[in-house]
2 protein chains.
Amino acid sequence: MFEVPRLKLRPGTGNYSKGQARVVEILEAALDVLLDEGYQALTMRRIAKACGITVGNVTYYYKSKDDLVRDLLTGVLESYMDIFDHIASDTTKTAEEKFVTVIRLLLEDITSKKTTHLFPQLWALSNHDPFIAECVDEMYTGARAVLNRMIPEINPNLSEEEQKLVALFVSASIEGMTVFAGYNKPWRPHMQQIEGIAAKSLLDCVKNITSEDINRFRDKDFSLDDSPSAPK
Amino acid sequence: MFEVPRLKLRPGTGNYSKGQARVVEILEAALDVLLDEGYQALTMRRIAKACGITVGNVTYYYKSKDDLVRDLLTGVLESYMDIFDHIASDTTKTAEEKFVTVIRLLLEDITSKKTTHLFPQLWALSNHDPFIAECVDEMYTGARAVLNRMIPEINPNLSEEEQKLVALFVSASIEGMTVFAGYNKPWRPHMQQIEGIAAKSLLDCVKNITSEDINRFRDKDFSLDDSPSAPK
DNA sequence: AAAAATATAGGTCAATTGCCCTATATTGGG
DNA sequence: CCCAATATAGGGCAATTGACCTATATTTTT
């Protein structure tokens with residue numbers, strides 16, 4: 001099974017070899033803390049402890065916690081881009097086969113502790129932190145780029161905008177499984193069956209969806225007639 | 001449009017009418033802070049300020065912050081159950097019509113600030129907080145109960161376990177849109193088209209899925225052959 | 001080997017946070 | 001109207017946190 005490399009980091013951070021290695025250790029330790037204990041536990045002192053060094057040493061490499069977190073997130077999100085590059089490079093399969101492979105790959109990745117614990121945290125943070133929101137958005141745009149190349153091969157009858165909406169739906173559907181069938185989640189044992197449902201359902205979606213389906217609710221105001229409580 | 005009541009709270013908290021009202025004010029203020037500024041900003045002092053009272057007064061009603069948060073979450077999650085009850089009570093429509101209505105209702109709800117900001121936060125917290133995990137799980141179980149009643153009517157050829165897996169897939173697919181097309185999210189303007197895709201795709205899924213589809217990958221170990229980097 | 005550059009430890013500080021305590025004000029029933 | 005129950009304010013305290021500073025140790029260069 002293909003695994004996401006844990007971390008990608010910018011080169012040339014420390015100047016001595018010891019410093020270079022230390023930066024890696026710090027970021028790895030920070031990621032461990034984030035995944036194991038959550039964002040609230042991600043403090044300079046906790047990172048230092050997980051790394052076996054002192055707080056003063058951590059602040060030597062990162063003057064502010066914000067810098068450290070940014071470096072950590074950009075690094076960890078870049079590591080995910082490798083999955084997409086890997087998939088995109090495959091030329092032996094048909095578009096439909098590749099599509100199913102992508103779906104299964106993403107769903108398998110979701111079951112890892114790293115993905116299950118990292119992404120919900122990023123989703124939460126991105127609601128109030130524009131920088132994180134941008135990082136995450138950029139990564140998902142990269143993820144959908146793979147789908148955007150396969151979908152027109154499977155179904156040529158969609159406009160570019162419609163095709164991109166379908167790619168979004170597919171990607172978002174998959175991400176939604178994280179909370180339910182991710183690492184240590186109640187439905188995790190059934191992920192193989194979920195893969196079966198997703199593969200069939202999402203491939204059929206791409207193959208059969210029409211412009212009429214997509215625009216079925218256009219300009220229609222959706223409301224329920226007998227609300228039990230009046231809107232505020 | 002049917003809206004979720006903001007909050008449901010346990011009766012009999014304060015003993016004078018002023019105290020009763022105060023508890024509501026505190027929880028409403030806490031929810032405001034949580035939605036507007038995120039979980040990190042949810043402090044006793046911030047809540048007191050948003051409520052126009054002192055910290056001492058807040059601690060009078062809630063001895064610990066944990067108590068307050070628990071009360072807030074159980075209250076706010078209970079308020080979501082009202083949606084499901086509302087849907088379940090509808091008897092005028094066919095199962096398929098109801099199914100599409102449920103999908104659209106949930107997707108519309110996702111576009112509210114409350115849902116977009118609350119749930120990712122809960123997903124993140126539930127990874128490290130068993131109590132929150134249980135609350136959230138309980139709520140989603142209630143949500144799927146509605147689907148579990150409709151799906152056998154639409155497709156009687158599924159075993160109970162398979163049918164529940166399909167309900168999970170439908171529910172998770174919808175939740176996945178939160179991050180992409182929720183309140184203030186990039187794809188929010190296209191939610192109506194996403195509703196079209198989801199309605200078509202998920203209804204077709206329920207109608208057409210077979211046991212063979214679901215168990216297609218059973219006992220097959222999934223792996224990519226030409227991984228660019230070796231697994232650790 | 002000396003010197004310069006880099007790395008590390010340990011201490012300090014102000015700000016924040018949850019929680020507690022006490023004095024005062026307000027409410028509502030007798 | 002008065003008194004007990006309830007509500008509120010304000011202060012304080014120990015713990016935590018990010019950031020900073022200085023002295024010492026280690027590594028690399030010359």
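The shortest distance between the side-chain N/O atoms of A:Lys18 and the OP1/OP2 oxygens of C:dA7 is not below 4.0 Å. Between B:Arg22 and the phosphate of D:dT8, there is a side-chain N or O to OP1/OP2 separation shorter than 4.0 Å. Applying the 4.0 Å criterion to OP1 and OP2 of D:dT28, one finds that A:Ser17 has a side-chain N or O inside that range. For A:Asn57, a side-chain nitrogen or oxygen approaches OP1 or OP2 of C:dA9 to under 4.0 Å.
Of the two residues contacting DNA chain D, namely A:Lys63 and B:Tyr60, the nearest-nucleotide position lying further toward the 5' end is that of B:Tyr60.
Residue side chain A:Tyr16 reaches the base of C:dA5 through a donor-acceptor N/O pair under 3.5 Å, judged by distance alone.
Comparing atom distances between the A:Ile53 side chain and each of D:dA19, C:dA9, C:dC19 picks out C:dA9 as nearest. Comparing C:dC13, D:dT8, C:dT17 by their nearest atom to the side chain of B:Thr43 picks out C:dT17. Taking the side chain of B:Thr54 as heavy atoms from C-beta on, and the options C:dC19, D:dT8, C:dG10, the nearest nucleotide is D:dT8.
Atom CD in A:Gln40 sits about 16 Å away from atom P in D:dT16, given to the nearest Å. One can place OH of B:Tyr61 at 4 Å from P of D:dT8, the figure rounded to the nearest angstrom. Separating the CD atom of B:Glu37 from the C1' atom of C:dT16 is a distance of 15 Å, rounded to the nearest angstrom. In this structure, B:Lys49 atom NZ and D:dG10 atom C1' are separated by 17 Å, rounded to whole Å. Straight-line distance from the CE atom of A:Met44 to the P atom of C:dG10: 17 Å, rounded to whole Å. Rounded to whole angstrom, the span from the CD atom of B:Gln20 across to the P atom of C:dG28 amounts to 11 Å. A straight line from CZ of A:Arg45 to P of C:dA9 spans 15 Å, rounded to a whole angstrom. B:Tyr62 has its OH atom 17 Å from the C1' atom of D:dT8, to the nearest Å.
One N or O on the side chain of A:Thr111 and one on the backbone of A:Glu108 form a donor-acceptor pair closer than 3.5 Å.
Checked for salt-bridge contact, A:Asp66 and A:Arg70 meet the test: a charged N lies under 4.0 Å from a carboxylate O.
Remark: aromatic rings of A:Tyr80 and A:Phe119 are close, center separation under 6.0 Å.
Between the side chains of A:Asn127 and B:Lys113, no donor-acceptor pair of N or O atoms lies under 3.5 Å.
To the nearest 0.5 Å, the span separating OG on B:Ser17 from CZ on B:Arg22 amounts to 11.5 Å.
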